[in-house]
Amino acid sequence: MLAYLIRRLFAAAVMLVVIIMVVFGIFFLVPKWAGVDIAASFVGKQADPAAVEAVREKLGLSDPVHLQAWEFFKGIFAGRTFATGGDVVHCSAPCFGYSFKSEQAVWPVLTDRFPVTLGLALGAAVLWLVFGVAAGVLSALKRGSLWDRSAMVVALAGVSLPIYFTGMLSLATFAFGLKWFDAQYVPLGQSLGGWFGGMILPWITLAFLYAAMYARITRATMMEVLGEDYIRTARAKGLRERTVIGKHAMRSTMTPILTMLGMDLGALIGGAILTESTFNLPGLGQAVLNAIRNQDLPIILGVVLITSLSVLLANLVVDVLYAVIDPRVRLT
Amino acid sequence: MTEPGRSGAPVDGPAAASPSAASPAPSAFLDVRDLRVHFPTDDGLVKSVDGLSFRLERGRTLGIVGESGSGKSVTSLGIMGLHTAGRYGRRKARVSGEIWLNGTELLSVGADHVRKLRGREMAMIFQDPLSALHPYYTIGEQIVEAYRIHHDVGKKAARKRAIEMLDRVGIPQPDKRVDNYPHEFSGGMRQRAMIAMSLVNNPELLIADEPTTALDVTVQAQILDLIRDLQEEFGSAVIVITHDLGVVAELADDILVMYGGRCIERGPAEQVFHEPRHPYTWGLLGSMPRLDREQQDRLVPVKGSPPSLINLPSGCAFNPRCPYADVPKDDLSRTVRPELTEVGDRHWAACHMTQEQRERIWTEEIAPRL
Ligand SMILES: Nc1ncnc2c1ncn2[C@@H]1O[C@H](COP(=O)(O)OP(=O)(O)OP(=O)(O)O)[C@@H](O)[C@H]1O
Ligand code: SF4
Ligand SMILES: [Mg+2]
């Protein structure tokens, strides 16, 4: 178990370095090869040449590539300083870049928006896990029944309808039509009820999509597990069917679901762009949209980096969970 | 002579083909009467077991043999009540007939009653111990669970019992191995653990469904020895299911040969071995591996493929594969289903050939070539 964990941690650390370098490559090397002036794109569209030159020097874009990469890497763990002549900007660790446009470091922008996205992802995850898994298990147990068939039609709709559509529909119905909820984001620190009211539609909308996927996977996995010999053994012991399903079958069914959950959460934490823009939530996803609109490259870079890192972290958590759940994994 | 009616049939004789609903509780420990297990499928009704009857006393071992698909597993799952427990979806197996266990008729007594008997009065060992054990629980947890369903004891006491059982079935260092997962055991050890689990409640009936098929030869012998020892020790009734006649030769008091969901020959083990009276049994004996003969002089194993369980051949189900199908007069083999008839002391076989014909073919043509 310990050896497994150490191996995983080591692999994650290696991946971390690789990810940082790949992101560096995408934002600094690829444009360079393509003949794009990186300094200009960091400053923005109508940049005056002096500002561009200043940024070029601050970023050290004329330095050899390995030096640039090292500065970039170092910034994340130790912070870095951007300087031209007397103009010095310090970007403390973790330095995810500096927006020369809005004259601020990227990291605080990300941390400002992070709780919104995290709240959205976690709340939706609770909903989709509860409803998706329950629906999937019921469908598997009552396969072929009216319930099963309707649940699977709804699930198909959930998987195939775009978030824009379901989001707008729920807004139109519950926020503007029935006026049950406000379509207004209220920070959690300000008012718990307000936060909840503002989040409930985004949660449901996002959860609908994922619940649909989880219901289908749960159903398929549960049906497969129910055919396993060890389920027959559990019955042969004289266990109640309740225990056979709830303990023996669920244990095996949850394994792939937890894996999926880790991956999905990891990806969502990097920003649920569609949901956030539909419901006007000031999360990471919206930050990306704004940054694209304003051509604020450092922010985009920061979000890409944080998304990759959260996927990496989620992977690590899933691996650890896997070892806890499946004793066979601990050996490998 | 065809089968006599149910009343007055001797112990171990066949039960009537269609018992009346009010048949009295039998004296035998296990009395299976006219068991039928049918599965509705898209292609038609699969009659996996169709009118099977047998009896078994405590302390005795019955060997059920037959090739793949003859209905052996379906029979044992039927006795355990596992065709109806936890079947999801619309198509349910249809189980009919009577299964008397220790004076209780299992098909009419209610699912929850049968559930409580499972694991306590009757237990089962499965063919592949790796897939039959839950990969996510330790061997100990699984045995403890089996014990605590039926005994109101704490975890400590149950664990002690689990270790005791592991020790009894010959697992070294049972107090350590109890915390291992199934994948940490070898095949033979897993089957031992499975046996420990099934015997943890001292069941009176133990069904071993091909307990050695998944194991290699040396381990097979050890497991068979273990089952025999345990039976002597616990005095339970044992059903050993196999398609390997060598296994039953070692273990069984009686043998029941199944073909196409039915019994075609049944009797004391020595009789079925030394004076088999059905061409299918001859074929099975011929396909037994023997170390002392060259492959070529051995009788050819049963040619052809098992019958369709949806449409059994008319007449004798074995007729398309039977080398002697033309021996009985009037094309009886293809038109009339042979009933079990008594061919010796407690020995029954279902074939239209006369006793003399069968004795002659056995002694002149078959036995010398085995
Ligand atoms: N749930 C089911 N639905 C439909 N057919 C089934 C079902 N279970 C078993 N059968 C059929 O019943 C027949 C008998 O199966 P069974 O498992 O009893 O054979 P067996 O004698 O145990 O063979 P083997 O030696 O291969 O284990 C097979 O043809 C099988 O396809
Ligand atoms: S009844 Fe006919 S076909 Fe069937 S086993 Fe006897 S001889 Fe062969
Ligand atoms: Mg079988």
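Chain identifiers are assigned alphabetically (A, B, ...) following the order of the sequence lines, protein sequences preceding nucleic acid strands; residue numbering begins at 1 within each chain.
More than 12 heavy atoms of other residues, nucleotides or ligands sit less than 6.0 Å from atom CZ of B/F39. Annotation: A/K247, atom NZ; neighbour count of heavy atoms from other residues, nucleotides and ligands within 6.0 Å is above 12. The environment of A/F131 atom CZ is sparse: at most 12 non-hydrogen atoms of other residues, nucleotides or ligands sit within 6.0 angstrom. Residue A/F165 places its CZ atom among 12 or fewer non-hydrogen atoms of other residues, nucleotides or ligands, all under 6.0 Å distant.
Between B/S131 and A/D229, the shortest heavy-atom contact is OG-OD2, 2.7 Å. Considering all non-hydrogen atoms of both residues, B/H150 and A/G238 come closest at NE2-CA, 4.2 Å.
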Test side-chain contact (heavy atoms from CB on, under 4.5 Å) on B/H134 and A/R251; report intermediate values, then the result. CA-CA 10 Å; B/H134 201 303; A/R251 177 86 188 251; 4.2 Å; yes

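Rounding to the nearest 0.5 angstrom, the gap separating the CG atom in B/D128 from the OH atom in A/Y230 is 13.0 Å.
A/T255 touches chain B through its side chain: at least one heavy atom from C-beta onward sits under 4.5 Å away, while N, CA, C and O do not. Proximity to chain A (any heavy atom under 4.5 Å) is restricted, for B/Y181, to the side chain, taken from C-beta onward. In this structure, the portion of B/L77 lying under 4.5 Å from any heavy atom of chain A is its side chain and not its backbone. Residue A/I245 touches chain B through its side chain alone, counting heavy-atom pairs closer than 4.5 Å. Contacts between B/I149 and chain A at a heavy-atom distance below 4.5 Å involve the side chain alone, from C-beta outward.
Between the side chain of A/T233 and the backbone N or O of B/A132, at least one donor-acceptor pair lies under 3.5 Å. Panel note: side chain B/R118, backbone A/K237; no donor-acceptor pair is recorded below 3.5 Å.
With 3.5 Å as the limit, one finds no donor-acceptor pair spanning the side chains of B/Q142 and A/H248.
A/E241 and B/R115 are not joined by a salt bridge, as no carboxylate oxygen comes within less than 4.0 angstrom of a charged side-chain nitrogen.
Inspection of non-hydrogen atoms places no residue of residues 203-212 of chain B under 4.5 Å from chain A.
The greatest number of non-hydrogen atom pairs below 4.5 Å with chain B, out of A/V244, A/L239, A/L226, A/D148, is found for A/L239.
B/Y136 has its side chain out of reach of A/M254: every pair of non-hydrogen atoms, C-beta onward, lies at least 4.5 Å apart.
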